[in-house]
Amino acid sequence: MLEVSQIRANRQQAIDALKKRHIDAEQTVNDVIGLDDKRKHAQFTLDQNLGEAKKVASEIGQMMKEGRHEEANSAKEKTSELKKYNQELDQELKQIEVDLKNALAGIPNTPHESVAAGRSSEDNETIRSWGKAEDASHATPHWDLAKTYNLIDFELGVKISGAGFPVYMGKGAKLQRSLIQFFLDQGEKAGYTEVIPPHLVNAESGFGTGQLPDKDGQMYHAVEDDLYLIPTGEVPITNIYRDIIVADEDLPIKNIGYTPCFRREAGSYGKEVRGLNRLHQFDKVEIVQLSRPEESYAALEVMVKHVESLLQQLELPYRVLRLCGGDMGFTSALTYDLEVYAKGQGRWLEVSSVSNFETYQANRMKLRIKSKDGEKRLAHTLNGSALALPRILAAVLENNCDGNEIKIPACLVPYTKFDSIA
RNA sequence: GGAGAGUUGGCAGAGUGGUCGAUUGCACUAGUCUUGAAAACUAGCGUGCCGCAAGGUACCGAGAGUUCGAAUCUCUCACUCUCCGCCA
């Protein structure tokens with residue numbers, strides 16, 4: 001959620017920045033400022049009236065104490081009208097606050113100045129790439145390899161749950177688990193503290209990181225208990241710090257966590273989503289940072305480098321993209337996507353998304369920093385996949401198969417305890 | 001799932017209708033004292049909103065209600081603890 005004070009101070013910049021998302025925010029921004037004006041006025045009037053009511057009440061108390069009952073009774077009668085009026089004002093103020101919050105929550109984050117104004121993934125900018133994306137028209141896609149080598153059973157998953165819920169088996173399961181362990185260990189080396197958060201969250205948490213109300217239909221909802229299955233570890237891990245004031249000297253705060261992720265992916269079908277490319281349940285290791293505003297963009301770069309080092313150790317060719325305004329998530333100010341080249345499909349697969357949300361999530365969550373001299377300000381939040389498992393697994397299988405056996409990348413062998421799948 | 005007891009500021013813990021946003025202790029910050037530290041003493045020390053400020057206003061788990069007036073009374077919900085039941 002954008003801050004009203006920022007919108008007021010930089011009204012035109014905000015509108016211009018949102019144009020990169022192809023949103024004309026002029027009307028909404030004016031509405032927000034108008035509602036905020038109304039809110040301030042209503043708050044002022046209410047406070048004044050409450051003060052008056054309070055004064056009368058304490059006077060009555062004094063009269064009662066002194067036994068002046070008649071005076072007290074006549075004063076009581078006079079206050080009833082004031083009381084009624086205050087109730088109306090209170091309702092009015094609450095309504096304005098709800099309207100204002102809804103209007104604000106409906107505005108996406110303002111893109112960073114480096115973000116281009118494109119419309120779709122076509123307009124994303126490739127920042128750099130590593131490794132060679134070999135032509136391999138004869139290479140095999142992972143869904144065939146998974147079957148040949150008995151690593152993943154997609155049909156079995158269909159029986160148990162439905163499409164998009166694969167069953168990993170034997171060395172496939174071990175490889176998956178090894179990747180998770182490798183990612184966690186690398187994160188710990190980079191200074192992240194591991195957490196294992198809940199996999200179901202309440203609506204407040206969903207709102208805090210911005211999944212609600214924007215992406216309501218994309219999450220599984222356990223209606224009976226009004227809990228949502230997490231679409232990413234970002235939600236529970238970032239919400240650890242909801243309604244928290246952190247001491248400046250405790251920053252940056254760096255957490256890493258492995259969680260399964262659940263996404264409804266309503267309406268997806270076709271070869272783009274075949275095999276492991278898009279699932280309803282998948283595993284991911286997520287890194288989250290809370291940062292001082294002036295340090296958040298430096299932190300973002302370091303996070304991207306961390307993800308790159310994982311891909312390099314896995315020897316997977318990749319490229320780093322800076323997303324354009326039209327392709328960027330609702331809550332993000334700047335997002336880098338990392339894509340690996342999957343030889344068997346001849347495609348780039350998105351395996352990580354690293355974002356700086358600036359104060360957008362912090363404002364929703366009321367996550368603040370308190371400096372030594374008592375000054376309070378909103379923190380910046382950042383997160384990134386480090387990494388998302390299924391597509392990494394797909395790329396590892398496709399890129400390391402020589403037609404005979406699949407070689408395990410050296411960095412994983414200490415975890416898998418086998419160096420090839422034959 | 002059943003029965004009972006609770007939920008107050010960073011922590012502990014008073015407060016059962018009228019200057020209570022809240023006694024006190026600990027922790028924390030600054031100062032005095034000290035060669036330094038400790039101790040002692042002094043002062044400060046929650047959050048939101050309105051306001052240039054002075055100040056005002058709201059918040060005692062959440063929401064609603066009774067009352068001129070609620071931390072205190074009533075109702076609903078959430079959570080915690082104890083006992084019983086069930087269970088990896």
Side-chain angles (χ1 to χ4, degrees), chain A residues 1-9 32-105 196-208 212 222-228 236 239-251 253 260 290 359 362-379:
Chain A
M1 210 157 64
L2 298 176
E3 298 161 77
V4 185
S5 59
Q6 288 305 308
I7 294 179
R8 296 190 94 106
V32 162
I33 293 174
L35 281 167
D36 194 46
D37 286 336
K38 269 173 82 179
R39 193 195 106 253
K40 287 181 183 210
H41 183 256
Q43 182 79 57
F44 177 76
T45 315
L46 178 63
D47 281 357
Q48 265 195 333
N49 288 348
L50 283 172
E52 205 171 308
K54 203 166 149 182
K55 207 174 114 200
V56 173
S58 79
E59 279 167 5
I60 291 173
Q62 195 61 34
M63 290 172 195
M64 299 293 264
K65 215 179 244 175
E66 292 166 7
R68 291 142 63 196
H69 294 292
E70 271 176 43
E71 256 180 278
N73 282 331
S74 72
K76 273 189 203 181
E77 280 166 34
K78 273 192 272 178
T79 58
S80 70
E81 202 172 315
L82 187 62
K83 191 184 153 191
K84 209 171 147 193
Y85 183 47
N86 282 346
Q87 270 174 351
E88 282 169 24
L89 271 177
D90 189 48
Q91 288 303 314
E92 202 180 307
L93 178 62
K94 276 182 182 159
Q95 188 56 51
I96 294 169
E97 283 171 346
V98 168
D99 292 346
L100 177 60
K101 192 175 178 184
N102 286 341
L104 270 177
I196 301 180
H199 301 161
L200 277 79
V201 296
N202 56 29
E204 288 75 31
S205 296
F207 180 81
L212 289 175
V223 178
E224 192 160 352
D225 297 295
D226 197 21
L227 294 170
Y228 295 84
N239 271 283
I240 290 173
Y241 304 98
R242 174 155 52 84
D243 285 322
I244 291 275
I245 299 177
V246 297
D248 184 80
E249 60 262 34
D250 292 336
L251 292 173
I253 291 173
L290 273 47
T359 60
N363 192 32
R364 286 175 162 238
M365 289 195 294
K366 300 290 165 260
L367 161 55
R368 283 161 295 165
I369 304 170
K370 190 178 192 173
S371 66
K372 203 116 188 170
D373 57 20
E375 191 203 334
K376 286 177 286 290
R377 55 187 179 149
L378 291 170

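Chain letters run A, B, ... following the sequence lines, proteins first and then strands; every chain starts at 1. No experiment lies behind these values; they were computed from the predicted model shown.
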*With rounding to whole Å, what would you report as the distance between B:U7 and B:A71 at their P atoms?*
15 Å
*asked:* Without decimals, in angstroms, what is the distance between A:Lys54 NZ and B:G17 C1'?
replied: 16 Å
*asked:* What's the gap between B:A3 and B:G69 when it is taken at their P atoms, as a whole Å value?
replied: 36 Å
_Within the 4.5 Å heavy-atom criterion, are A:Gln43 and A:Glu97 side-chain neighbours or not?_
yes
_Separation of the P atoms in B:C49 and B:G44, to the nearest angstrom_ = 25 Å
*If we take the C1' atom in both B:G10 and B:U19, what is their distance in whole Å?*
28 Å
_Just the rounded figure in Å: distance from C1' of B:C49 to CG of A:Asn49._
16 Å
*Do A:Asp248 and A:Arg377 have side-chain heavy atoms sitting under 4.5 Å apart?*
yes
*Check the distance between B:G48's P and A:Arg377's CZ and give it to me in whole angstrom.*
15 Å
*Paired with B:C86: which nucleotide, if any, by Watson-Crick or G-U wobble criteria at under 3.5 Å for both distances?*
none
*Hey, which sits more toward the 5' end of RNA chain B by its nearest nucleotide, A:Ala57 or A:Lys372?*
A:Ala57
*asked:* Pairing check on B:G17: which nucleotide meets the Watson-Crick or G-U wobble criteria with it, both distances under 3.5 Å?
replied: none
*Side chains of A:Asn202 and A:Leu227: does their closest heavy-atom pair fall under 4.5 Å?*
yes
_Classify A:Lys376 by what it touches in the nucleic acid, base, sugar-phosphate, or nothing, heavy-atom distance under 4.0 Å._
sugar-phosphate
_First of A:Val56 and A:Phe44 reached from the 5' end of RNA chain B, by closest nucleotide_ = A:Phe44
*What integer distance in Å separates A:Glu204:CD from B:G63:C1'?*
13 Å
*asked:* Strictly by Watson-Crick or wobble contacts shorter than 3.5 Å, is anything paired with B:U74, and which nucleotide is it?
replied: B:A64
*With a non-hydrogen cut-off below 4.0 angstrom, is A:Ile245 in contact with a base, only sugar-phosphate, or nothing?*
sugar-phosphate
*Are any non-hydrogen side-chain atoms of A:Leu46 and A:Asp90 less than 4.5 angstrom apart?*
yes
*Closest listed nucleotide, where the reference is the side chain of A:Lys370 and the choices are B:U47, B:C50, B:C68*: B:U47
*Quick one: label A:Thr79 by what it contacts on the DNA or RNA (base, sugar-phosphate, nothing), any heavy atom closer than 4.0 Å.*
sugar-phosphate
*Separation of B:U67 P from A:Glu59 CD (nearest whole Å)*: 21 Å
*A:Lys101 NZ - B:G48 P separation (whole Å)*: 16 Å
*asked:* Applying the Watson-Crick and G-U wobble criteria at under 3.5 Å, what pairs with B:G48? Answer none if nothing qualifies.
replied: B:U57
*Pairwise side-chain contact, A:Leu100 with A:Val32, heavy-atom cut-off 4.5 Å (strictly under)*: yes
*asked:* Just so I know, are the side chains of A:Leu89 and A:Asn49 near enough to count as touching, which here means a heavy-atom distance under 4.5 Å?
replied: yes
*asked:* Rounding to an integer number of angstrom, what distance separates B:A43 and B:A53 when you compare their C1' atoms?
replied: 24 Å
*In whole Å, what is the span from the CG atom of A:Asn86 to the P atom of B:G69?*
10 Å
*Base, sugar-phosphate, or nothing: which does A:Lys55 touch, judged by heavy atoms less than 4.0 Å apart?*
nothing
*Is any side-chain nitrogen or oxygen of A:Lys40 closer than 4.0 Å to OP1 or OP2 of B:G51?*
yes
*asked:* My understanding is that a pair needs two contacts under 3.5 Å, Watson-Crick or G-U wobble. By that rule, which nucleotide pairs with B:G10?
replied: B:C26
*Quick one: label A:Leu50 by what it contacts on the DNA or RNA (base, sugar-phosphate, nothing), any heavy atom closer than 4.0 Å.*
sugar-phosphate
*How close or far is atom C1' of B:C50 from atom CG of A:Asp90, stated in whole angstroms?*
15 Å
_Distance, P atom - from B:G55 to B:U80, rounded to whole angstrom_ = 42 Å
*Shortest side-chain distance from A:Lys83, nucleotide among B:U47, B:U67, B:C50*: B:U67
*Would you indicate what A:Lys94 reaches in the nucleic acid, counting non-hydrogen atoms under 4.0 angstrom: base, sugar-phosphate, or nothing?*
sugar-phosphate
*Considering only the P atoms, how many Å lie between B:C59 and B:G65, rounded to the nearest integer?*
14 Å
*asked:* I'd like the P distance from B:A70 over to B:G21, given in whole Å.
replied: 11 Å
*Check whether any side-chain heavy atom of A:Phe207 lies under 4.5 Å from a side-chain heavy atom of A:Arg242, and answer yes or no.*
no
